[in-house]
Amino acid sequence: MALIGVFDSGVGGLSILDEALRQLPDHDYLYFADSANAPYGERSPEWIAQRSLSICQSLADAGCQAIVVACNTATAEAIQHIRATLQTIPIIGVEPGIKPAALQSQKGLVGVLATEATLKSDKFNALLGTLPGDCRFVKQAGAGLVPLIESGQLHAPETTALLAQHLQPMRTAGIDTLVLGCTHYPFLMPLILNLMGSSVLIVDTSQAVVRQLARQLETHRIPIEVVGKRSLLLLSTADGARLHSMAMQLLRSDLAQFHIEFKTVDPERAEL
Ligand code: DGL
């Protein structure tokens, strides 16, 4: 029986989990939201690396056969470290889709909305350095958005105002393509479309991440065993019941075949 761990600083990784439940419904899932410590995007690279590794270690100890680091910030700062430590299981990360965006942008003008930590990271800047110089990127840290999303204020006037402020430099520059470089941001899609207009292409990598997970499961010959209901365990370091209610609100995939449970875990002890 395949158990897949999905980890994020909070509810953002539910956007990746949703896609995984849609593309790969015949597995069991363990979703870990470190909401007591969100946002990660304004923390130091060392803190993010250490915390992300200890959570992934716990997911591996709990029997996960593959782990999706469903957080751009944790991927940028920790994925090499996690892969080097947990060598026997596939670790799949998420990165802002700047390469597909550069290829698809007609004007060569791309906006990137991500956390400050992601935009400052060596990994992001190294990726940027591999892209052709004729594409211009307007980068913007989405400071303050993650706490609003974590508290469920997806349509609040405060959220719209902050998002409008962050997107203004991109609107002024006239971008035609926008990369969502944080897994929390797809939950703001209606507001983003409203502010940017439907002609702007939005690049979100969740489908590609799950296709990569599927490839890794195949490569590692992780079996699918379709017997009865699958299980989905939602773990939060802040409040399991709240994570459960947000998941019920945010997930769009068919949950009928999943037995869903939730639990609050002690943020100080990464044991699951
Ligand atoms: N969802 C995360 C990401 O993709 C991190 C958000 C945060 O905790 O700052 O970057």
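When reading the values below, keep in mind they use all heavy atoms of this one structure, side chains included, and skip hydrogens, waters and symmetry mates. Indexing begins at 1, ligand by ligand and atom by atom, following the structure's order.
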*Asks:* How close does the nearest protein non-hydrogen atom get to atom 1 (N) of ligand 1, and which residue and atom is it?
*Replies:* His184 ND1, 2.8 Å
*Asks:* Do the side-chain N and O atoms of Ser15 and Ser206 include a donor-acceptor pair separated by under 3.5 angstrom?
*Replies:* no
*Asks:* What is the closest protein heavy atom to atom 7 (C) of ligand 1, and at what distance does it sit?
*Replies:* Tyr40 N, 3.3 Å
*Asks:* Counting only heavy atoms, which portion of Val146 has something under 4.0 Å from ligand 1: side chain, backbone, both, or neither?
*Replies:* side chain
*Asks:* Going by an N to O cut-off under 4.0 Å, is there a salt bridge joining Glu218 and Arg215?
*Replies:* no
*Asks:* Please lay out, stage by stage, how Glu95 and Lys123 fare under the test salt bridge (Lys or Arg N to Asp or Glu O under 4.0 Å).
*Replies:* CA-CA 9 Å; Glu95 277 184 335; Lys123 197 168 186 343; 2.7 Å; yes
*Asks:* So for ligand 1, is Glu42 a polar contact partner (N or O within less than 3.5 Å, distance only)?
*Replies:* no
*Asks:* Should you measure from each heavy atom of Asp8, which atoms of ligand 1 turn up under 4.0 Å away?
*Replies:* 1 (N), 2 (C)
*Asks:* Thr118 to ligand 1: N or O pair under 3.5 Å?
*Replies:* no
*Asks:* With only distance considered, is Cys71 within less than 3.5 Å of ligand 1 through an N or O on each side?
*Replies:* no
*Asks:* Any side-chain donor paired with an acceptor under 3.5 Å for Glu46 and Gln50?
*Replies:* no
*Asks:* Would His184 and Glu150 count as a side chain to side chain donor-acceptor pair (under 3.5 Å) here? Give the steps.
*Replies:* CA-CA 8 Å; His184 279 74; Glu150 285 290 311; 2.7 Å; yes
*Asks:* Examine the side chains of Asp34 and Tyr40 and answer whether a donor and an acceptor come within less than 3.5 Å of each other.
*Replies:* yes
*Asks:* Starting from atom 9 (O) of ligand 1, which protein heavy atom do you reach first, and at what distance in Å?
*Replies:* Gly41 N, 2.8 Å
*Asks:* Would you tell me whether Thr118 and Ser121 have side-chain atoms, one donor and one acceptor, within less than 3.5 Å of each other?
*Replies:* no
*Asks:* Only heavy atoms of Ser9, strictly under 4.0 Å: list the atoms of ligand 1 that pass.
*Replies:* 5 (C), 6 (C), 7 (C), 8 (O)
*Asks:* For Thr115 and ligand 1, does the shortest N/O to N/O distance drop below 3.5 Å?
*Replies:* no
*Asks:* Around atom 10 (O) of ligand 1, find the nearest protein heavy atom and jot down its residue, atom name and distance.
*Replies:* Thr73 OG1, 2.6 Å
*Asks:* Tell me whether Asp28 is salt-bridged to Arg230, with the criterion being a basic N under 4.0 Å from an acidic carboxylate O.
*Replies:* yes
